[in-house]
There are 2 protein chains.
Amino acid sequence: MNDDAMDLRTRMRQTTREAISHAALRLAIEQGPNGLVLVRVQDIATAAGVSSRTYNNYFSSRAEAICAFQADQSKRAGDALSSRPADEPLDEALIAAMVELYTDPEPDRAGLRMIMSTPELEGEALKAFSMAEGPLAEAIAARTGIDPGYDLFPAVTAAAVAGAVRVAGRHWLEAGDSGSFAAILRSALSCVVPAAPLQAPKISDRAAN
Amino acid sequence: MNDDAMDLRTRMRQTTREAISHAALRLAIEQGPNGLVLVRVQDIATAAGVSSRTYNNYFSSRAEAICAFQADQSKRAGDALSSRPADEPLDEALIAAMVELYTDPEPDRAGLRMIMSTPELEGEALKAFSMAEGPLAEAIAARTGIDPGYDLFPAVTAAAVAGAVRVAGRHWLEAGDSGSFAAILRSALSCVVPAAPLQAPKISDRAAN
DNA sequence: TCTCAAATTGCGTGCTGCGCACCATGTGCG
DNA sequence: CGCACATGGTGCGCAGCACGCAATTTGAGA
């Protein structure tokens, strides 16, 4: 997980990936609304300092490149939950973990708006947020001791949390000045996580099979 | 909503749309795993009895065509909930509506597997399921009297429900013979909807802001 | 019947995704 | 220290796709 622990080659690869995705998002934003269609692959590659062929070795579509940051962030959702104290109730741990993860840098309004409000990017944006579901479901299963093969609770909760994060983001973009993203995120998450703790005591029943 | 109530032109258009999407999904399934890349736009158009140009008038990508049925079904989620008795509690109404909607024809295993288990279709599949969120959120807001502009509850719940449906579908595909889709769907939905009724009484508090 | 709007189609174009072969640069071994 | 290998970057080229445009056909309404 730590860059310093990796090979030089691996680090370079990571750097290149970030350079490309960063350039892609930046260029799209600079072109203003409807900027996606104007940004050509060649532009992104040039801005990132690589050939257009190399760009394609990392991403198979502009949408994927632009949403890469959001996707990478979501992938860390499992770790974010796992790093919470084990004795913390699931609902509190989930909220704390998500707030910590998604407000590490306070999200960039322009970037998030580009990702979430561009029709052509809709599918990729959903994909980016749903990247959190797998790791998150595993972390929830590990924390509660529920076997995800027999009980849908971990996967469903993970999906609900990911959905709440997405809704919070959209709301934060629309009613911009109404508060910090952290506050909105908490409020969104509290709509779905309260159901969670009720399940926890049933571990013995659930894990029995 | 009823075909008979529409113009002849509108009906024809609907028929063409279904013919194309049906042909797209069928051809992809026939090609077996990895069938997506093998199916050309020309094949789909020919199978549907239209020109490839007309195909593009209806869909802007193969993925969109293949997932059209799923998307159309999801769009009816709001109506499904609205048509439940007004005095039915939200959680029961939600479960009943979703079960009714998504098991009207018992889903086709091959089709659902194609949509949900093909990486290239992942974004479009998520889009298809998330189509339910908007209408569903409106229906929830109308039923509970909550103003979606000030309270995230309708949108978050809608996203959670849509996510639960998706997870249920995936689980139904994997552990195929474990039960009917309706049963799995109920079990998935009960992981997220119980939180709902608790919110209803707080309308005055929430709407105050 | 006549006129208008909507839908289908063929054609042409620019871009994209990707396979292939070649080259450059880290990496590990004797 | 030097050498062979593996990994990743690059240039080239192709097939397919999305879409704008303009002509034609067909349903809708007066």
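Only this structure's heavy atoms are used, side chains among them; waters, hydrogens and symmetry mates stay out. Labels below follow one simple rule: chain letters A, B, ... track the order of the sequence lines, proteins then strands, and each chain is numbered from 1.
- Atoms CZ (A:R11) and C1' (C:dT25) sit 15 Å apart, rounded to a whole Å.
- For B:V41, the side chain to side chain contact (heavy atoms under 4.5 Å, CB included) test picks out B:S52, B:Y55, B:R62, with sequence neighbours left out.
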Does the protein touch nucleotides 17-30 of chain D at the base, only the backbone, or not at all? Give it as B, S and - per nucleotide, heavy atoms under 4.0 Å. SBBBB-----BS--

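- Under the side chain to side chain donor-acceptor pair (under 3.5 Å) criterion, B:T54 pairs with B:S51, not counting sequence neighbours.
- In this structure, B:S52 reaches neither bases nor backbone, as no heavy-atom distance under 4.0 Å exists between it and the strands shown.
- For the pair B:I20 CD1 and C:dA7 P, the computed distance is 13 Å after rounding to whole Å.
- Direction of the helix axis in the helix from C:dT1-D:dA30 to C:dG30-D:dC1 shifts by 30° between the two five-pair termini, rounded to 10°.
- The CG atom of A:N57 sits 12 Å away from the C1' atom of D:dG11 (whole-angstrom rounding).
- Atom CG in A:L38 sits roughly 16 Å away from atom P in C:dG14 (whole-Å rounding).
- Computed from coordinates, the A:Q14 CD to D:dG9 P distance equals 12 Å when rounded to whole Å.
- Scored by the ring pair (Phe, Tyr, Trp, His ring centres under 6.0 Å) test, B:F69 finds no partners at all (sequence neighbours excluded).
- Residues that satisfy the side chain to side chain contact (heavy atoms under 4.5 Å, CB included) test with A:A139, not counting sequence neighbours, are A:L81, A:S82.
- We find that CG of A:D43 is positioned 13 Å from C1' of C:dT16, with the value rounded to whole Å.
- Every pair passing side chain to side chain donor-acceptor pair (under 3.5 Å) that includes a residue from residues 128-142 of chain A is listed here, sequence neighbours excluded: A:E133-B:R166.
- Put simply, the side chain of A:S187 never gets that close to the backbone of A:A183: no donor and acceptor are under 3.5 Å apart.
- Rounded to whole Å, atom C1' of C:dC18 lies 14 Å from atom CD of A:E64.
- Listed by chain and number, the residues in a side chain to side chain contact (heavy atoms under 4.5 Å, CB included) with B:N57 are B:R53 (sequence neighbours excluded).
- Considering only residues two or more places apart in sequence or on other chains, A:S83 meets the side chain to side chain contact (heavy atoms under 4.5 Å, CB included) condition with none of them.
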Steps toward salt bridge (charged side-chain N to carboxylate O under 4.0 Å, His left out) verdict (A:E30, A:R26): CA-CA 6 Å; A:E30 283 177 1; A:R26 184 176 57 82; 2.9 Å; yes

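- The shortest distance between the side-chain N/O atoms of B:S51 and the OP1/OP2 oxygens of C:dT9 is below 4.0 Å.
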